[in-house]
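Since the structure comes first, as structure tokens, the remarks are kept for the end.
Each chain gets a letter, A, B and so on, in the order its sequence line appears, and its residues count up from 1.
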Amino acid sequence: MSRYEPGQIEAKWQEAWDKAGVFTATRDAARPKYYVLEMFPYPSGRIHMGHVRNYTMGDVVARYKSSCGFSVLHPMGWDAFGMPAENAAMERGGHPKDWTYGNIADMRGQMKPLGLSIDWSREFATCDPEYYGQQQAMFLDMMDKGLIYRKAAVVNWDPVDMTVLANEQVENGRGWRSGALVERRELTQWFFKISDYAEDLLEALDGLKDWPEKVRLMQANWIGKSRGLQFAFETIGAPDGFEKLECYTTRPDTLMGAAFAGISPDHPIAKALESDPKVAAFLAQCRLGGTTAEALETAEKIGFDTGIRVKHPLNPDWELPVWIANFILMDYGTGAIFGCPAHDQRDFEFATKYGLPINPVFVAEGAAEAPLTEAFIPMKSERVQYVRALDGNRVMTGDEGVAQAIALAEARGFGQGVTKFRLRDWGISRQRYWGCPIPVVHCATCGVVPEKKENLPVELPYDVSFDKPGNPLDRHPTWRDVACPKCGAAAKRETDTMDTFVDSSWYYARFTAPRATTPTVAEDAAYWMNVDQYIGGIEHAILHLLYSRFFARAMNETGHLPEKAREPFNALFTQGMVTHEIYLTRDANGRAVYHLPEDIIRSEAGATLKDGTVVEVIPSAKMSKSKKNVVDPMNIIADFGADTARWFVMSDSPPERDVEWTSSGAEATAKHLGRVWRLADEISRDTTAPTDEDQALARAAARAIVDVTYGIENFAFNKSVAALYGFTNTLAKAKAGAEARKSAMRIMAQLMSPMVPHLAEEVWAMLGGEGLVARAPWPKADPALLVEDSVTLPIQINGKRRAEISVPKDMPASEVEKIALANEDVIKFLAGQPVKKFIVVPGRIINVVV
RNA sequence: GCGGGUGUGGUGGAAUGGUAGACGCGACAGACUCAAACUCUGUUUCCGAAAGGAGUGUCGGUUCGAGUCCGACCACCCGCACCA
């Protein structure tokens, strides 16, 4: 008897697939196409269980669709630009390029043994000049279309290292290397005009029927369409040129509850007042801390009374003080608000702190006006009693109050109803080396000049060093100093590079023609687009997906994608994350140093490093490179084979849910696959004559086909796996004849093939299956075998299950009722009480109400 | 702080508003074995000897019937625009 030896069979079948070119994607007009894509990985150097889970899901879909007759495109590439490469260069020396390509080679070497059905001939990395050169070409096309501009924007500034920090590099308001308090500082930066598409991006969400509802909701909230009033306060005592203060509010119905006017620390008026040392000191205080929304909104609310007054638009005798407040964002609305403490929690806290009046505009319907202990903020759809309405107090909803206020403001001419979006333009400038260079030149006479297309790619210079803080491109004279493409005079290249989100916003399109000398090729894009099934982490629900949707529109308008690809992803599946505990120690400055799970020794007492140092254990979180809480799947592959790793990540947890990695279970999976192997081996040598159980086995196989197919179609791979466990148990126990068992085993091989393709090929071959199972058409269940003649109906009495009866499938309800009421247990539980109601749900349940 | 999600046995989880706990892990018992491993068979939500009762984070509601729908709360997770 032979043994299941994954190490041998996996290599053998991978070679067989390669030789037969099973996974090479080809345009085939005769067949429908199917494009399945998993979010491509960052080449950290090691694959982890999250990758295995993500790519196995895509592989199951790709292999299944291929069996169903589709021409499948299933590519793989590398999201290869980004900070970790520069961090590695700073920490360990070496070059980001060498580090990145080395990591790619390592990761490819780890992924290949998984036996994924990937067309590797299409592989590319975003740091290939052939890729980012095409990105630069599109940047120039988008510039032509007016989709790109420059403006000042705020960055995290480390005053000690004299460098810009990413949000990730800010820890508790301090720079991660220097430990210095981070400041907010303005730089001139490049922006994509994504806000032009706000309405389109919002409305088109309705058409994304095969996207998770929660992702569409998150995107809609992110885009944040609001209807409100824009109006101007007349100012008293403001600097010249600021006779008006423009405000935007979504609650103009609360205008009579105004207690103050507030402006952002970045507002032009605040800047105009900065010559006053007190104002300057206050603004400096506001600029401490990071740039994230979270940092801004959780910071303690502080304010500064400017002494400026504004006239209330409805009563010129009513004057309000103008405060600078740190919780007002310059990016949203006009950067100025009126504060209504009674109906906004932030304003309430602010007013309480600085002793400003708190006057309610409305109270709960039927309630009396009373002092508030917190802001009263009912849903806008809720009816409330107005007590300080703009125009006549009455009971109405907030929405009605807002509409009335806008109408009144427009009639009196002090404001207009306007629609605004929360979505800001996409800032893409990064003051870093390892990214796609922005292909423009700054000339003293011509200004900002696009690089000529024939000079693309603007390639990153290799001879750079990371021994000083800041961007090495800034101090690389032979790269930076160039002739102006327009006038030929001495000029300087733009040294900012692009956000890596740009790289990942069009890679799906590039896979359709990865070697082309243009960004895309019309025929290839027309055939392969759109992505039929996109699979990736929920953490990308907003930014990556929104940017990609924007980019697809921009590519359509610049002629790089067809109209149908403006929404590039037909269906989206967001897998849950693989989580793991985090282990950390503290360095001399008290900052966190993270450790890999494989370096940790866990005992009952706690966790330590190998040298005995005690480590802090933080509860499970997303596996991430920076936190080092990653698990290495290579050990499982080495010990048990790729099929075990694949089966393991597909079983148990529903794909959309997070899964906590535990090492137990891999052995059990290997056991099961060994059992399938032995069963196949035994059946292949069976010579039993047909028996009367043959039909029952055929029925079980038909049931398995339906259940496994349902699981794959609905992204419930765990249910497909469960159905296969059940089918294995049934087949192992079946006393059927050899032919029936062989037939069932071949169906098993086919049904298992998307999850455990190597074992499936081996079983298929053992049982005389024709050719490769990877090329065999997906089995179909004979409907006749699925029909059940009788059903078991549970009987509930007052909603509690008390008995069950077995009746023919099509028995009419009146007959069922007679049989149910004659049932011994039913009679016992009814105890002679009269039946009030008798409910029969055909084929499901009976409920007797007494 | 704002937005989104999750919560079911010892454990991962299953359940178109219709028998809660499928399937797997673990545990326990048995068979095989000189013995062990492997393998095979069975038991396994809790309380109870049983009859029966309780039970899907907490509290309330809708319904003949709620894990599922609605409301409030608690806990945990994700995102918040320079991590990818």
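Nucleotide B:G12 holds its C1' atom 9 Å from the CZ atom of A:Phe648, rounded to whole Å.
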Exercise for the section: For nucleotides 2-8 of chain B, just jot down a letter per nucleotide in 5' to 3' order: B, S or -, based on protein non-hydrogen atoms under 4.0 Å. Expected result: SSS--S-

Practice task
Sugar-phosphate means primed atoms, P, OP1 and OP2; the rest is base. With that split, encode nucleotides 37-53 of chain B 5' to 3' as B, S or - using protein heavy atoms under 4.0 Å.
Solution key: --SSSS---------SS

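With hydrogens and angles ignored, a donor-acceptor pair under 3.5 angstrom links the side chain of A:Asn847 to the base of B:C64. At a cut-off of 3.5 angstrom, the base of B:C82 holds at least one donor-acceptor pair with the side chain of A:Gln189.
Contact record, A:Ala80 with A:Trp434: O-NE1, 3.0 Å, taken as the closest heavy-atom pair.
Checking side-chain atoms of A:Asn714 against main-chain N and O of A:Tyr710 turns up a donor-acceptor pair under 3.5 Å.
By the side chain to side chain donor-acceptor pair (under 3.5 Å) test, A:Glu297 is found to be paired with no residue, residues two or more places apart in sequence or in another chain being considered.
A 3.5 Å limit on both hydrogen-bonding distances identifies no Watson-Crick or G-U partner for B:A84.
The distance from atom OG1 of A:Thr792 to atom CD1 of A:Ile805, rounded to the nearest 0.5 Å, is 9.5 Å.
The one candidate from A:Ser504, A:Pro41, A:Cys127 that meets the side chain to side chain contact (heavy atoms under 4.5 Å, CB included) condition with A:Asp79 is A:Ser504.
Residue contacts shown for A:Ala541 are absent, as no nucleic acid heavy atom lies under 4.0 Å away.
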